[in-house]
Amino acid sequence: QTEQYYYVFPESALLYWVLKRQTLKHLIALKKPSLSRKQAQTFHAKDIMVPAAIQLSQHKNLSLLGKNYKPEKLPIADNIQKIGRSHWRAKILGFDNFGNAITNFPREQIKGKCRIEISIGAIHFKVCDYYDQVPVGQPLAYFGSMDFLELGICQGNARNKLLLMNGQEVDIFQIDS
């Protein structure tokens, strides 16, 4: 809940765009429905988000939807560490169904036309626009549809192959041209 609106998001990365324009008032981590009823096998809209939206529209107590969540625990862009003038440390927020890692690093952090380098420890990711810009099995980094940095493997599963985890730190370096 912000000062103006109520929102229901499938993931916290989307909240970043709202918080750039509005002040957060209340945050709830939605609880999953009991397993006593049949649930969808894919997207949680039917089982989690729609019931929450209905309760919000009926002005029910927000605490009925789940447990309170502290905003400072959100893994969003405001939680990126600025290490140096051209060095940031971001985190992996989660993974898509193909094993690509989604980070909390938005494209807008990069100023102007420049080269960036991405690494997790000794693993280096080539920044690409398309998967076929690296050989099959090689790591790459790209900005996804929500303009957040994503990490993948060409024709592979980055999560499994590179043993990536939620919350893992990602180093981003801007190399001036």
Given a cutoff of under 4.5 Å between side-chain heavy atoms of I, L, V, M, F, W and Y, with clusters grown through shared members, what are the other residues clustered with Tyr130? none

Here the gap from Ser86 atom OG to Ile172 atom CD1, rounded to the nearest 0.5 Å, amounts to 12.5 Å

Straight-line distance of Thr103 OG1 to Ile118 CD1, nearest 0.5 Å: 8.0 Å

Can you tell me if Gln155 has over 12 outside heavy atoms packed within less than 6.0 Å of its CD? no

Search all heavy atoms of Cys154 against all heavy atoms of Leu140 and return the closest pair with its distance. N-CD2, 3.6 Å

Distance in Å, Trp88 CH2 paired with Ile116 CD1, rounded so as to fall on 0.5 Å steps: 8.5 Å

For Ile83 and Phe173, run side-chain contact (heavy atoms from CB on, under 4.5 Å): C-alpha distance rounded to whole Å, both residues' side-chain angles, the deciding distance at 0.1 Å, then the answer. CA-CA 10 Å; Ile83 305 298; Phe173 300 90; over 6 Å; no

Mind checking what makes side-chain hydrogen bond (donor to acceptor under 3.5 Å, both in side chains) contact with Gln174, not counting sequence neighbours? none

Shortest non-hydrogen pair, His124 vs Ser119, comes out as ND1-CB, 3.6 Å

Atom CD1 in Ile102, atom CG in Asn166: separation rounded to 0.5 Å? 9.5 Å

Geometric class of the Tyr131/Tyr142 ring pair [parallel <30°, tilted 30-60°, perpendicular >60°]: tilted

Chi angles and distances behind the side-chain contact (heavy atoms from CB on, under 4.5 Å) call for Asp147, Glu108: CA-CA 8 Å; Asp147 269 347; Glu108 67 188 27; over 6 Å; no

Passes side-chain contact (heavy atoms from CB on, under 4.5 Å), Phe105 versus Val170? Steps please. CA-CA 9 Å; Phe105 189 80; Val170 179; over 6 Å; no

Under 4.5 Å between side-chain heavy atoms, chaining through other members, with only Ile, Leu, Val, Met, Phe, Trp and Tyr counted: pull out the rest of the cluster around Met165, sorted by chain and number. none

Heavy-atom pair with the smallest gap, counting every atom of Ala141 and Phe125: CB-CB, 3.8 Å

Side-chain touch Gln109/Ile80, heavy atoms, less than 4.5 angstrom: yes

State, to 0.1 Å, how close Asn104 and Lys91 come at their nearest heavy-atom pair, and which atoms those are. OD1-N, 2.7 Å

Tell me whether the count of non-hydrogen atoms from other residues, nucleotides or ligands lying under 6.0 Å of CZ in Phe98 goes above 12. no

Are Val127 and Leu164 connected into the same hydrophobic cluster when the rule is that any two of I, L, V, M, F, W, Y join if their side-chain heavy atoms are below 4.5 Å apart? yes

Residue pair Leu151 / Ile120, side-chain heavy-atom distance below 4.5 Å: yes

Say you draw a straight line from CD of Glu117 to NE2 of His87; how long is it, rounded to the nearest 0.5 Å? 11.0 Å

Atom CZ in Phe143, atom CG in Leu149: separation rounded to 0.5 Å? 5.0 Å

Closest contact, heavy atoms only, Gln133 versus Asp129: OE1-N, 2.6 Å

